[in-house]
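Right, one structure below, let's go through it.
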Amino acid sequence: MNCTTQKDFHLLAFSCSEEDQPLLFMGLLMIYLTAVLGNMIIIVLVCLVSQLHTPMYFFLCNLAFQDIIFVSAFLPKLMVITITGDTSISFPRCITQVFLFTFCMGIDIFLLAAMAYDRYVAICIPLRYYLIMNPRVCVLLVTMAWILYIPNSMCYSLLLSGLSFCKSREINHFFCDIKMLLEISCSDTSHVKQLMSAELPFTGILPFVLILTSYVYVITSIIKLQTSTARFKAFSSCSSHLTVVLLLCGTCIGIYIKPHSENSQEQEKFFSLLYIGVVPMLNPLVYSLRNQQVWSAAKILLAKYVPGTPLSPDFS
């Protein structure tokens, strides 16, 4: 029996006709370019405009950097498969995808939890905001995320790299999904499943509970405000973050609650594309479209490098 770990895998990606492949490629290219460009703009604005040197935008800058890594790890290969039909992926690159997927998903939910805590402090205990959310605490939270999730991702990569695959070399997904790799492995995968069961409460469920708890307190505090103007101002300060949380959690939950059917795997691929490509693309739009601070920061940057650009009165 040909049991090996070093031969190429084949990603089956999406089932679509040849006529639809150019359209799918253009859609993927648009998602990728929009996600990378939008998140790069957020990073540049936060780094160069001093008015955005706040805890919320520090976390947003890290989230944007992580989103660029996320889309760049998966979408280019999917585009290559779509336009050329070359479904092969080497074993080292497959393991790299596993590392980046677990790392980016973990960092994503952790940063969203940190941003939820930031909104809780800003709305529920505003007088102590700058005392609690000082630069040292913010750097510590981001550093802790890297320290926590890099070893976690390395554990998955090392465990999966030691498996043998003799059942099949075909992965019915557009990236090297851990669940799919376990299904086609002929080795004992119980240790990988035990790791998943052990770390899920700490790296997935706990941050989600912290987000939920923070917003329970935030919504309670907003309801207690005296005027509708104050309530609207408080809610608008956290609406962008809440939208991103709902987008990410909604797509992830959709994978688990979808009904089992003949098309269930295609549905899972679709939901995976949503949180790998569409959510990172929408994040910069959500944080900028209704955010006057981001628009004003963009005007400041334009006024600095493009003479004649009017400066926002909010930051003059």
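Every heavy atom of this structure was used, including side-chain atoms; hydrogens, water molecules and symmetry mates were not.
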Does [X] reach the side chain of [Y], with side-chain heavy atoms less than 4.5 Å apart?
X	Y	result
H10	I89	no
F14	D20	no
T213	Y117	no
K179	E268	yes
I41	P284	no
L195	C155	yes
I276	F70	yes
L75	V71	yes

For residues [X] and [Y]: do they belong to one hydrophobic cluster (side chain heavy atoms under 4.5 Å, members Ile, Leu, Val, Met, Phe, Trp, Tyr)?
X	Y	result
I178	F202	no
I219	L112	no
L212	I222	no
F235	L225	no
L246	L111	yes

Rounded distance (nearest 0.5 Å) linking atom [atom1] of [X] with atom [atom2] of [Y]:
X	Y	atom1	atom2	answer
I184	F165	CD1	CZ	5.5 Å
Q226	R231	CD	CZ	8.5 Å
F25	T82	CZ	OG1	8.0 Å
L48	I43	CG	CD1	11.0 Å
S240	M115	OG	CE	9.0 Å
L12	N172	CG	CG	5.0 Å

Heavy atoms only: give me the nearest [X]-[Y] pair and the separation to one decimal.
X	Y	value
G277	I31	O-CG2, 3.4 Å
F91	D8	N-OD1, 4.4 Å
A122	P126	O-CB, 3.2 Å
P55	C138	CB-SG, 3.5 Å
A198	P201	O-CD, 3.4 Å
A230	T227	N-OG1, 3.2 Å

Exam field: side chain [X] to backbone [Y], donor-acceptor pair closer than 3.5 Å:
X	Y	answer
S185	L181	no
K269	A13	yes
D118	A114	no
H173	M180	no
T189	V192	no
N39	V36	no
S214	Y120	no
S164	C186	no

Checklist entry - What do the steps show when you test M40 against I68 for side chain to side chain contact (heavy atoms under 4.5 Å, CB included), and what is the final call? => result CA-CA 8 Å; M40 285 183 65; I68 293 174; 3.6 Å; yes

Checklist entry - Is there a side chain to side chain contact (heavy atoms under 4.5 Å, CB included) between Y156 and I95 once you walk through the steps? => result CA-CA 9 Å; Y156 278 109; I95 296 300; over 6 Å; no

Next on the checklist: Please determine whether side chain to side chain contact (heavy atoms under 4.5 Å, CB included) holds for the pair S190 and K193, giving the CA-CA distance in whole Å, both sets of side-chain angles, and the decisive distance to 0.1 Å.
Outcome noted: CA-CA 5 Å; S190 59; K193 295 176 181 178; 5.6 Å; no

Checklist entry - If we ignore angles and hydrogens, is there a donor and acceptor under 3.5 Å between the side chains of D86 and T84? => result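 No, because no side-chain N or O of D86 sits under 3.5 Å from a partner of the opposite role on T84.
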
Item to check | More than 12 heavy atoms of other groups within 6.0 Å of Y217 OH | outcome: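 No.
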
Next on the checklist: Check this for me: F270, atom CZ, are more than 12 non-hydrogen atoms of other residues, nucleotides or ligands nearer than 6.0 Å?
Outcome noted: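 It does not: F270 CZ has 12 such atoms or fewer within range.
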
Checklist entry - Are C176 and C94 within a span of less than 2.5 Å, counting SG to SG? => result yes

Checklist entry - Which is it for L163 and L182 under the side chain to side chain contact (heavy atoms under 4.5 Å, CB included) test, yes or no, and what are the steps along the way? => result CA-CA 9 Å; L163 298 179; L182 294 181; 4.0 Å; yes

Return a table of donor-acceptor pairs under 3.5 angstrom between the side chains of residues 100-110 and protein atoms on other chains or two or more places apart.
unit_1: T102; atom_1: OG1; unit_2: V98; atom_2: O; d: 3.0
unit_1: T102; atom_1: OG1; unit_2: F99; atom_2: O; d: 3.0
unit_1: T102; atom_1: OG1; unit_2: S153; atom_2: OG; d: 3.0

Next on the checklist: Using the rule given for ring pair (Phe, Tyr, Trp, His ring centres under 6.0 Å), can you reason through H241 versus F59, listing the C-alpha separation, both sets of side-chain angles and the distance that settles it, and then say yes or no?
Outcome noted: CA-CA 11 Å; H241 175 259; F59 294 132; 9.7 Å; no

